[in-house]
Amino acid sequence: MFTQLSSLKRWHWLVISILIGIALATIATPKAIDLRTEYGDARNSQKDFENALVREIEGRRRFKNIVVHRQSVPNPAGGDRNVWIVSGLYCSNVPEAGDGKLHWKPSFFVADEPYRPANDLSIFLGHVSEANISKFEKVPNPTVLDFLQLLGETSAVKYSHAWWRSYAAQLWFVGSLAMIGIVWPTAIDLIVFGRLIRPREEKGTDLKPSPTVHKPAKQELTADDRAKLQALDDAMEANLKAGATAHASPAPAAVATPVKQLGSEALVAVPAAPQAPRAYGAGAGDFYPTEQKSKSKSKSKPKS
């Protein structure tokens, strides 16, 4: 399996990661149509929303368990616009008719960008928070997240930022690019090749046809050139004939050798002359390999 996957190059994995990242970002991006299903009842009064963040009832904040994130929603004028969704548990401060008790229900508030508080902050938060209020007012385009940060510093409002929803598209795209485009091919190279980056492949033979070489056009000889060439050929042929005649010598006449005729007389066998038999090894000068030396008689030494 890893051998088959190793045939894919890094740029292949990068293209795959980009395509998967775009698909995951599209799926993971929060949609406006899911607001009521996902977060409960909508709170439309900004002033009531701000009061519920800091006011308490039965020892609990009217709007608690705050989670905020940023997303795109359809714009009534056309296109899309970015808003902040503040979701949590909201109490309307009105007891339920069934049991006569207060209940906190899932609710959400949609805050536009930039966020301008509906309450006078100096009255809403008191003069002890002038430094924090001044810091908030100096922000060029504050969001509801900046407003919640101000309430957290001055009124102990607790909240959390669901950044995985605010930056869902960027998160899934970058995550896909990192895991599939970088980490995954690196792991395959480690398993298959034993190194972080695979060895460079040798280039194959280039089988492209060689460029056509245009031969220069053959120039036609003029009549004057042909005449000069013919005169040169005739002069060379005449010189060759003259040289061959000067160096030629007469060949000697061949002398016929007479053929000896065989006689018609009958051939007579001549008997060989008899020879005396030879005694091999009789003499001291006989050195033939096949002869047998005769044993010489030892001379008796005289007795003294």
Side-chain angles (χ1 to χ4, degrees), residues 1-22 176-178 180-294:
M1 177 180 178
F2 283 103
T3 305
Q4 296 176 350
L5 294 177
S6 64
S7 62
L8 296 176
K9 301 183 183 298
R10 283 187 176 264
W11 71 267
H12 293 147
W13 289 112
L14 287 174
V15 173
I16 294 173
S17 66
I18 291 173
L19 296 177
I20 294 178
I22 293 174
S176 174
L177 188 65
I180 302 177
I182 299 176
V183 176
W184 180 245
T186 302
I188 292 177
D189 290 347
L190 280 174
I191 295 174
V192 177
F193 302 102
R195 50 192 298 182
L196 293 176
I197 300 177
R198 69 177 63 190
R200 182 175 297 179
E201 298 179 358
E202 296 182 359
K203 293 184 178 179
T205 305
D206 189 4
L207 300 180
K208 293 181 180 179
S210 58
T212 304
V213 179
H214 298 282
K215 296 182 179 180
K218 185 177 181 180
Q219 296 181 355
E220 296 293 338
L221 296 177
T222 62
D224 191 16
D225 294 336
R226 290 194 185 94
K228 291 180 179 179
L229 185 60
Q230 184 63 36
L232 182 61
D233 289 341
D234 294 342
M236 291 179 64
E237 185 175 356
N239 292 334
L240 289 174
K241 288 181 179 180
T245 304
H247 291 84
S249 57
V255 179
T257 304
V259 180
K260 185 178 181 180
Q261 300 294 329
L262 295 175
S264 58
E265 295 83 0
L267 298 177
V268 180
V270 179
Q275 296 181 357
R278 182 180 178 181
Y280 290 98
D286 293 337
F287 295 102
Y288 294 97
T290 57
E291 66 185 6
Q292 294 181 355
K293 303 279 184 180
S294 62

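Note that the numbering runs from 1 along the sequence shown for the chain. Side-chain atoms are counted along with the backbone in the values below, which use heavy atoms only and exclude waters and symmetry mates.
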Short question: side chain of S176, backbone of G21 - any donor-acceptor pair under 3.5 Å?
yes
Calculate, to the nearest 0.5 Å, the distance between atoms CD1 and CG belonging to I182 and L14 respectively.
7.0 Å
Within this structure, what is the CG-CZ distance for the pair D224 and R226, rounded to the nearest 0.5 Å?
11.0 Å
Please name the pair of heavy atoms, one in G181 and one in P185, separated by the smallest distance, quoted to 0.1 Å.
O-CG, 3.3 Å
Quick check for you: to the nearest 0.5 Å, what is the distance between I16 atom CD1 and L177 atom CG?
12.5 Å
